Amino acid sequence: MPGRHRKPSPLKVPDRPYLALGLEGSANKLGAGIIRHDKDGSTSVLSNVRHTYITPPGEGFLPRDTAQHHKEWALTVVQEAITKAGVSMHDLDCICYTKGPGMGAPLQSVALVARTLSLLFDKPLVGVNHCVGHIEMGREVTGAQNPVVLYVSGGNTQVIAYSRQCYRIFGETLDIAVGNCLDRFARVINLSNDPSPGYNIEQEAKKGKRLVPLPYTTKGMDISLSGILTSVEGYISDKRYHDGVHDETKKDDIITPADLCFSLQETVFAMLVEITERAMAHIGSKEVLIVGGVGCNERLQEMMGIMAQERGGQVFATDERFCIDNGIMIAQAGLLSYRMGHKTPMSESTCTQRFRTDEVHVAWRL
Amino acid sequence: MQAERRSVRIPFATQKHAMIAKQVIEVDSELQRHGVKRTLTVEGDDLLVTFTTLTIRLARLTINGFLENIDLVIRTISEFGDEAERQSHS
């Protein structure tokens with residue numbers, strides 16, 4: 001464009017390979033990953049190891065037990081990440097860990113390991129924002145240039161767009177995250193939490209035949225989900241609700257768990273598509289990047305794809321290795337930050353349950 | 001006013017390891033900052049932690065939490081300590 005300043009990216013191509021270890025444990029997934037930034041400017045995932053704390057059906061994961069799980073598995077996961085990557089701790093440039101947001105005790109458990117490794121091997125620590133980790137890994141894996149980001153997981157639901165070194169939150173949930181809504185409903189209908197409640201809801205929804213009326217609650221750029229959860233749970237007391245085997249040939253007026261899963265997904269996903277489209281219209285973007293655990297859902301990807309196509313755009317999504325919480329995304333965001341000169345001093349290497357995405361200074365982008 | 005004071009002494013292989021444990025633990029302030037006072041010192045190869053709390057129940061909870069955390073730190077040092085001592089190879 002004539003007259004437009006072409007400023008070079010603040011992130012210089014590295015003069016040597018850089019290696020980072022990333023540790024993640026803000027929810028029930030414990031991950032460790034090692035990433036390398038090469039001299040030609042490319043990025044390689046050397047290892048991405050994860051262990052998930054899975055609770056029995058009908059139960060969610062509580063902070064105390066989740067922290068205990070992370071303490072139990074942290075060293076195994078880290079060792080496996082190191083071994084698979086074929087590097088030594090001594091080769092690392094920095095040790096990245098999730099500073100927040102997330103659950104307090106689980107976050108702290110991982111931070112303890114990060115700090116200990118930092119002191120043992122004399123490596124700098126880099127505290128990373130979990131949401132920024134998702135975004136940076138999504139960008140890296142998909143190559144999306146400047147998308148509107150829909151970050152949807154069990155703990156977060158945000159529509160984000162980048163501008164002037166900040167990931168700005170355009171819209172978000174006013175109460176609970178969409179993954180939380182889905183997971184809690186899965187508990188009520190006693191779906192298995194293995195491999196994840198969201199995955200099982202998705203499979204169950206495919207068998208659904210009936211769309212039951214549910215509230216549709218978009219509020220401008222934001223959404224509200226807690227009322228929808230109450231409403232869909234209410235159908236379980238409906239006299240038409242029928243769990244268990246029934247004769248499919250009989251045209252009975254019944255509502256099955258599959259119908260409820262289907263209705264819930266269709267409703268909340270439509271709302272997400274709407275607020276994402278609003279943001280796209282606002283900033284004139286043609287790309288959507290879906291990150292976070294709920295981003296694995298193929299129905300959400302499909303619905304988003306229809307909207308994007310109608311606008312002449314496209315949807316970018318990653319597979320379960322990267323959209324579900326993992327350590328490599330922390331390594332990626334951490335290493336980008338580190339290469340711009342950011343380090344977290346030991347005394348500041350705390351964790352925080354609340355850490356807004358827009359609090360991060362995105363120094364590595366224009 | 002009664003105050004409960006309890007101490008835990010944890011021996012390490014070296015003073016360096018005890019110092020590492022101290023630096024790792026002292027980053028986080030106690031969850032109940034007003035109800036719990038904590039001091040962490042290294043004496044020789046030992047880490048000495050002293051908790052002063054209003055009630056014995058709070059002392060129990062605090063020490064339980066501390067022991068879970070220090071156990072993780074100790075296991076991490078145990079798992080990676082040897083590797084750390086070895087010279088880095090390019």
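Worth saying up front: this structure is predicted, and the values here are computed from it rather than measured. Chain identifiers are assigned alphabetically (A, B, ...) following the order of the sequence lines, protein sequences preceding nucleic acid strands; residue numbering begins at 1 within each chain.
The candidate with the highest count of non-hydrogen atom pairs below 4.5 Å against chain B, out of A:Ala114, A:Ala67, A:Ser349, is A:Ser349. Among A:Gln79, A:Glu72, A:Glu348, A:Met346, the residue making the largest number of heavy-atom pairs under 4.5 Å with chain B is A:Gln79.
For the pair B:Glu68/A:Arg64, a side-chain contact is recorded, criterion being any heavy-atom separation below 4.5 Å from C-beta on. Contact of the A:Gln108 side chain with the B:Asn69 side chain is registered, since non-hydrogen atoms from C-beta on lie closer than 4.5 Å.
Environment of CZ in A:Arg16: crowded, with over 12 heavy atoms of neighbouring residues, nucleotides or ligands closer than 6.0 Å. Other residues, nucleotides and ligands place no more than 12 heavy atoms under 6.0 Å from the NZ atom of A:Lys343. Other residues, nucleotides and ligands place more than 12 heavy atoms under 6.0 Å from the CG atom of A:Asp15. By the 6.0 Å contact criterion, CG on B:Leu31 is open, its count of non-hydrogen atoms from other residues, nucleotides or ligands being 12 or less.
Within residues 118-125 of chain A, the residues approaching chain B closer than 4.5 Å by heavy atoms are, in numerical order, A:Leu119, A:Leu120, A:Phe121. Taking 4.5 Å as the heavy-atom cut-off, the residues of residues 73-81 of chain B that approach chain A are B:Val73, B:Arg75, B:Thr76, B:Ile77, B:Glu79, B:Phe80, B:Gly81, ordered by number.
A:His90 and B:Ala84 make their closest contact through CE1-O, 3.4 Å (heavy atoms, listed as atom of the first residue, atom of the second, distance).
For A:Thr116, the parts lying near chain B are the backbone and the side chain together; criterion is any non-hydrogen pair under 4.5 Å.
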